[in-house]
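All remarks here apply to the structure that follows.
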Amino acid sequence: MKIAALPISSLLRSAALVTAVALIPATTATMAQVDGRAGPELAKIFAIMQRVQANYVEPVEDDVLVRGAIDGMLSALDPHSAYLDGSDLQRLNTLIDGNYSGLGLSVVQEEGAVKVISPFKGSPADKAGIKAGDFITHLEGQLIVGGDLDDAVAQMRGVAGTSINLTVFRPGRDEPLELSVTRGVIELEPVTHELKPGNIGHISVNEFSADVGADVYNAWAALQTEATGRMSGLVLDLRSNPGGSLDEAVALTDLFLETGEIVSQRGRSWSETFEFQADDLDYYVRRRKSRSQAQIFMGEIAKNVPMIVLIDAGSASASEIVAGALQDHGRALIMGQRSFGKGSVQTLLPLGQDSALKLTTARYYTPKGKSVQEGGIAPDIRVPQLSDPDFALREKYRTRESDLRGHLVNEIGISDEEMVEDTIADPRFQLTSEELEEQGVEDFQLHYALETLRRTTASSVALSQRGSKSGG
């Protein structure tokens, strides 16, 4: 996944990310071992380079051919492994900082086209009406289909206040959309909160950047202060959240659990295989948290308060870790749509001062041992976003991990019947967006979650599985 228009900030960070969880130097012994085994294959690369340089219609520099060989090598692995240098490496920091100048889009390249995974909530792209599943075909009238994704991302970056013209193809519509979007300083609010009628809290987590776990803790404290009495429910909103810091996903989940596994990670190397447990003081000490800081996550907030977690096809990586853990422990009811399905972990391997290798090194699993890869998190109650007039069309052409070329296969396997369930119409949800608008419902999924909690007591649906905490 690429992030459009990201910041220039400090380069390599030690924060654990679902897209970059460690900094591990390549050893001389490892390089020698690879060189010994791959000698004949490497000789083919050198022979091709010599033929290209001698016979290609125009002169070609060594660095162009080497970079092309590296990119081709990594693209043969999976969609998330990549070579990063310069601005590419700097873009990775957006998942930590959440502060940059641009449009606020998460995009991937699909069959040569730039496809929107999700616009960040409140970003210029979001306000302009760009939706998940849209294809950006032209920038300033110039065709970008078949071009380089990094070039497209670079064009969408720019000084706040300047505009860029986008041509957007939305599946199901006959005519493309011509949009002018004004770039802005994307100071994403990772966590926002609002007290809803009936003393129900709504906490939105828009991305997993630094201190999100503590931000959610503070949001819950603020909601309790604003409430006129005891809190009667909580909606944790992870929709269109593309992920970010693995540490923050663990910390956020730990807020709502007292014991048990949060997530496990399994790779080929022993150093890439371990479990994250709730209320593990040593874990927070390793993260250089003081005892007082760690105490925030020890125990359980919102205890005995019915809880719903909202997810959709744009909920990925860290979002799926949180939703999967709370679902497996029976702490929350998961509602919305099946999530994106990115169940892999990437490690950032420095190759010098300004370049690194982002390599998929492990898969992660929910407490009950379910792999999120491909299948994602299936909601307990599937609720379509009926308030979106284009929902049916965009759902038909939605992009998830399983749609990306070269994605890792779920080694545990996903039954066809399980995936087919997502396409079956639910007779409960037949209202049109126009009818909902007349009723004053702007966000049907949130509306349905709130109505569910208003009919819920502390002993019913959202807490019905509290006894099933063990999990695989």
Mind listing the closest non-hydrogen atom pair of [X] and [Y] along with its distance?
X	Y	result
R183	S163	NH1-O, 3.5 Å
F297	D279	O-OD1, 3.2 Å
D443	R239	OD2-NH2, 2.8 Å
V114	A152	CG2-CB, 4.0 Å
P124	G102	CG-O, 3.8 Å
A210	D215	O-OD2, 4.4 Å

Side-chain contact, heavy-atom cut-off 4.5 Å: [X] with [Y]?
X	Y	value
I136	L105	yes
K131	R170	yes
S319	I311	no
V168	F135	no
D237	I203	no
L223	M231	yes
T452	M335	yes
L236	L252	yes

Could you check whether any side-chain N or O of [X] sits under 3.5 Å from a backbone N or O of [Y], counting only pairs where one atom can act as donor and the other as acceptor?
X	Y	value
T366	K370	yes
D126	G129	no
Q445	V383	yes
H193	N218	no
T137	T167	yes
T253	A249	yes
D328	K368	yes
S339	I377	yes
T225	A221	yes
D148	D151	yes

Full working for side chain to side chain contact (heavy atoms under 4.5 Å, CB included) between L246 and I321: CA-CA 8 Å; L246 174 62; I321 288 175; 3.3 Å; yes

Trace of the side-chain hydrogen bond (donor to acceptor under 3.5 Å, both in side chains) decision for Q265 with E275: CA-CA 6 Å; Q265 175 180 314; E275 299 175 352; over 6 Å; no

Using a strict cut-off of less than 4.0 Å between a Lys/Arg side-chain nitrogen and an Asp/Glu carboxylate oxygen, indicate whether [X] and [Y] qualify as a salt bridge.
X	Y	answer
K196	E194	yes
E451	R454	yes
K289	D247	no

Criterion side chain to side chain contact (heavy atoms under 4.5 Å, CB included) on H202 and L446, from CA distance to verdict: CA-CA 9 Å; H202 177 217; L446 176 59; 3.6 Å; yes

Result of checking L359, L357, T361 against S81 for side-chain contact (heavy atoms from CB on, under 4.5 Å):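 Answer after filtering L359, L357, T361: L359.
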
For a quick check under 3.5 Å, do [X] and [Y] share a side-chain donor-acceptor pair by atom type?
X	Y	result
T360	D78	yes
E140	N165	yes
Q385	Q337	no
R363	S344	no
Y283	D254	no

Over 12 non-hydrogen atoms of neighbours within 6.0 angstrom of CD in Q142: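 Counting other residues, nucleotides and ligands, CD of Q142 stays at 12 neighbours or fewer.
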
E442 CD: over 12 foreign heavy atoms closer than 6.0 Å: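 At most 12 heavy atoms, drawn from other residues, nucleotides or ligands, come within 6.0 Å of this atom.
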
From CA spacing to verdict: side-chain hydrogen bond (donor to acceptor under 3.5 Å, both in side chains), H138, E178: CA-CA 9 Å; H138 295 72; E178 299 291 343; over 6 Å; no

Verdict with supporting geometry, L348 and L84, side chain to side chain contact (heavy atoms under 4.5 Å, CB included): CA-CA 9 Å; L348 201 62; L84 305 175; 4.0 Å; yes

Using 0.5 Å steps for rounding, measure from the [atom1] atom of [X] to the [atom2] atom of [Y].
X	Y	atom1	atom2	value
R287	Q293	CZ	CD	9.5 Å
L326	L257	CG	CG	5.5 Å
Y217	L255	OH	CG	8.5 Å
L139	Q155	CG	CD	5.0 Å
L103	S123	CG	OG	8.0 Å
L166	I130	CG	CD1	5.0 Å

Candidate pair I308 and L234, rule side chain to side chain contact (heavy atoms under 4.5 Å, CB included), full reasoning: CA-CA 6 Å; I308 289 176; L234 173 64; over 6 Å; no

F444 and Y448 aromatic ring geometry - parallel, tilted or perpendicular at 30°/60° bounds: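 Judged by the thresholds at 30° and 60°, the geometry between Y448 and F444 is tilted.
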
Charged tip of R266 within 45° of Y365 ring normal and under 6.0 Å: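 Yes, cation above the ring, under 6.0 Å and within 45°.
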
